[in-house]
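The structure under discussion appears below in the form of structure tokens.
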Amino acid sequence: MAKTTPNHTQAVSGWAALDSSGKITPYIFNRRENGVNDVTIKILYCGICHTDLHYAKNDWGITMYPVVPGHEITGIVVEVGSNVTYFKTGDKVGVGCMSASCLQCEFCKNSEENYCDKVQFTYNGVLWDGSITYGGYSKMLVADYRFVVAVPENLPMDRAAPLLCAGVTVFCPMKDNNLIGSPRQNIGVIGLGGLGHLAIKFSKAFGHHVTVISTSLSKENEAKTKLGADDFIVSTNAEQMKSRHRTLDFILDTVSANHSLGPYLELLKVKGTFVIVGAPDKPMDLPSFPLIFGKRTVKGSMIGSIKETQEMLDICGKYNIMCDIEIVTPDRINEAYDRIEKNDIKYRFVIDIAGQSSKI
């Protein structure tokens, strides 16, 4: 399997993990020339997703080293191919988790290419020419325009970057469950991290009552005063959990740590819906009685399609929804990784790739 092809002639500065130690170091590699369906993007910012850590350390046993992580990318178009009409040089754009799909299957034709069997990711994927994809921890990216989205003019590029993964991950289950433009409902959000804080912002923008469910009482003030949550439940407090029995219409579970779903399902009304977007590495405990006696539904959800990602960004532009971030320079990526593992971040690290803290 080739990492590059003869068409990969553009030398690019980036940052990569070279082995399972996960340490990120400077790395020079080649990208392909801009093709007829491509746009070349000068990368300004790239968010750090917890997935990046898993790939860097080969936690899932599928990493192809060297790996250049990063799938929350914002930047400026500097070149367009002859078939590209939607984008022009100077446009503010973003690239999320996907870089290619078959474009022919039922999912691709229905704008659900994120479920295509042949979908390839922005890094650690394999493209049609046999080359391995390298992500946004780099100065420049060549991307198929069909996997690029426009960033609304009013959104700052640094705070928009995590929307390309974290934002669309929480937006899609809300859309799928008719929470956009619907009458006010009672929404529960489990976990107050990178995903959870955005779920609160979307839910409030859509006019819903929001209850944050967390193991940490210390997060209550921020959830309510800063993010606008209406209620807060400490999940380890049996009395609080019992008092909210059958009060929620919908729960979004953003937690990646191993936990039982049973106690949370009891918070749902009869016929309520529970959606999992966090990804614990061990099987989750799912007792049957809360499902049976409440006629409740448990679903999973992942990132959205390009069409959904664009819709999400446009809604963020309309409601001024942005991620709360901490900027780091490339030489501090390893420090950021260490802090993410300690849950020491509110709520997303973003790498200033261009090195000038641009507020474009």
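Every heavy atom of this structure was used, including side-chain atoms; hydrogens, water molecules and symmetry mates were not.
Not a single donor-acceptor pair under 3.5 Å links the side chain of Arg32 to the backbone N or O of Asn7. Looking at Ser203, its side chain does come within 3.5 Å of a backbone N or O of Ala199 through a donor-acceptor pair. Side-chain N or O atoms of Thr133 include one that pairs as donor or acceptor with a backbone N or O of Phe121 at under 3.5 Å. Without hydrogens or angle criteria, Asp91 side chain to Val77 main chain gives no donor-acceptor distance under 3.5 Å. Judged by distance alone, the side chain of His245 and the main-chain N or O of Glu266 form a donor-acceptor pair under 3.5 Å. In this structure, Lys201 contributes its side chain and Cys316 its backbone to no donor-acceptor pair below 3.5 Å. The main-chain N or O of Val234 is found under 3.5 Å from a side-chain atom of Gln240 such that the two form a donor-acceptor pair. Counting only distance, with no hydrogens or angles, the side chain of Arg31 and the backbone of Met140 share a donor-acceptor pair below 3.5 Å. A donor-acceptor pair under 3.5 Å links the side-chain atoms of Lys92 to the main chain of Glu153, judged by distance alone. Arg296 places a side-chain N or O within 3.5 Å of a backbone atom of Pro290 that can act as its donor or acceptor partner.
Between Tyr337 and Ile48, some side-chain heavy-atom pair lies under the 4.5 Å cut-off. Counting heavy atoms from C-beta on, the side chains of Leu286 and Leu291 come closer than 4.5 Å. Proximity of Thr297 to Phe274: side-chain heavy atoms (C-beta onward) are nowhere separated by under 4.5 Å. At a threshold of 4.5 Å between non-hydrogen side-chain atoms, the residues Phe202 and Leu179 do not count as touching. The shortest distance between side-chain heavy atoms of His8 and Phe29 does not fall below 4.5 Å. Between Leu198 and Thr254, every side-chain heavy-atom pair lies at or beyond the 4.5 Å cut-off. Residues Val39 and Val93 form no side-chain contact, since every pair of their non-hydrogen atoms from C-beta on lies 4.5 Å or further apart. The shortest distance between side-chain heavy atoms of Thr169 and Ile303 falls below 4.5 Å.
Among the candidates Asn124, Asn58, Ile132, the single residue satisfying the side-chain contact (heavy atoms from CB on, under 4.5 Å) test with Tyr65 is Asn58. For the side-chain contact (heavy atoms from CB on, under 4.5 Å) with His209, the qualifying choice from Ile187, Asp230, Thr247 is Asp230, the only one to do so.
Once rounded to the nearest 0.5 Å, the distance linking CG of Leu252 with CD1 of Ile276 reads 10.0 Å. Between the CG atom of Leu53 and the CD atom of Glu341 there is a distance of 5.5 Å, given to the nearest 0.5 Å. Note that the OH atom of Tyr137 and the CD1 atom of Ile73 stand 10.0 Å from one another [nearest 0.5 Å]. Once rounded to the nearest 0.5 Å, the distance linking OG of Ser138 with CD1 of Ile353 reads 6.5 Å. To the nearest 0.5 angstrom, Lys139 atom NZ is 12.5 Å from Cys46 atom SG. The CG atom of Asn34 lies 3.5 Å from the OG1 atom of Thr40; values are rounded to the nearest 0.5 Å.
Scanning all heavy atoms of the two residues, the minimum distance from Leu155 to Ala160 falls at CB-CB, 4.3 Å. Here the closest non-hydrogen pair linking Arg348 and Cys323 is CB-SG, 3.6 Å. In this structure, Asp38 and Glu33 approach most closely via the heavy-atom pair OD2-O, 3.8 Å. The minimum heavy-atom distance between Tyr45 and Ala161, with the atom names listed, is CB-CB, 4.4 Å. Residues Asp158 and Val350 share a closest heavy-atom pair of O-CG2, 3.7 Å. In plain terms, the two heavy atoms of His71 and Cys165 that are nearest each other are NE2-SG, 3.6 Å.
Both Ile321 and Val149 are members of a single hydrophobic cluster when ILVMFWY side chains are connected at heavy-atom separations under 4.5 Å. Using a 4.5 Å cut-off between side-chain heavy atoms of Ile, Leu, Val, Met, Phe, Trp and Tyr, with links allowed through other members, Ile233 and Phe250 fall into different hydrophobic clusters. Leu267 and Val210 sit in two unconnected hydrophobic clusters of ILVMFWY residues. Membership requires side-chain heavy atoms under 4.5 Å apart, directly or through other members. In the hydrophobic clustering of ILVMFWY residues, with side-chain heavy atoms under 4.5 Å counting as a link, Leu227 and Val255 come out apart. Tyr264 and Phe232 are members of different hydrophobic clusters when ILVMFWY side chains are connected at heavy-atom separations under 4.5 Å.
With no hydrogens or angles considered, no side-chain donor-acceptor pair links Asp249 and His208 at under 3.5 Å. Inspection of the Asp144 and Asn37 side chains reveals no N or O donor paired with an N or O acceptor under 3.5 Å.
Here the two rings, on Tyr55 and Tyr123, have centers that are under 6.0 Å apart.
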Apply side-chain contact (heavy atoms from CB on, under 4.5 Å) to the pair Asn186 and Thr211, showing each step before the final yes or no. CA-CA 7 Å; Asn186 293 325; Thr211 298; over 6 Å; no

side-chain contact (heavy atoms from CB on, under 4.5 Å) evaluation trace for Glu72 with Asp52: CA-CA 10 Å; Glu72 297 178 344; Asp52 298 350; over 6 Å; no

Please lay out, stage by stage, how Ser216 and Ser214 fare under the test side-chain hydrogen bond (donor to acceptor under 3.5 Å, both in side chains). CA-CA 5 Å; Ser216 178; Ser214 173; 5.0 Å; no

Trace of the side-chain contact (heavy atoms from CB on, under 4.5 Å) decision for Val148 with Tyr86: CA-CA 10 Å; Val148 178; Tyr86 187 72; over 6 Å; no

If you apply the rule salt bridge (Lys or Arg N to Asp or Glu O under 4.0 Å), what do you find for Asp231 with Arg244, and how did you get there? CA-CA 10 Å; Asp231 195 9; Arg244 273 53 161 223; 2.9 Å; yes

Begin with the C-alpha distance, continue with both residues' side-chain angles, and end with the deciding distance and a verdict on side-chain contact (heavy atoms from CB on, under 4.5 Å) for Phe147 and Val119. CA-CA 11 Å; Phe147 294 87; Val119 68; 5.7 Å; no

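Sorted by first and then second residue, the pairs that involve residues 280-299 and meet ring-ring contact (aromatic ring centres under 6.0 Å, His included), not counting sequence neighbours, are Phe289-Phe293.
Using cut-offs of 30° and 60° for the angle between ring planes, the Phe107 and Tyr115 rings count as tilted.
Other residues, nucleotides and ligands contribute only 12 or fewer heavy atoms inside 6.0 Å of the NZ atom of Lys118. For Lys269, the NZ atom sits in a packed shell: over 12 heavy atoms of surrounding residues, nucleotides or ligands are nearer than 6.0 Å. For CG of Asp117, the number of neighbouring non-hydrogen atoms (other residues, nucleotides, ligands) closer than 6.0 Å is 12 at most. For NZ of Lys204, the number of neighbouring non-hydrogen atoms (other residues, nucleotides, ligands) closer than 6.0 Å is greater than 12.
Electrostatic pairing of Arg146 and Glu113 does not count as a salt bridge here, judged by no charged N lying under 4.0 Å from a carboxylate O. With respect to the salt-bridge test (charged N to carboxylate O, under 4.0 angstrom), the residues Asp324 and Lys226 qualify.
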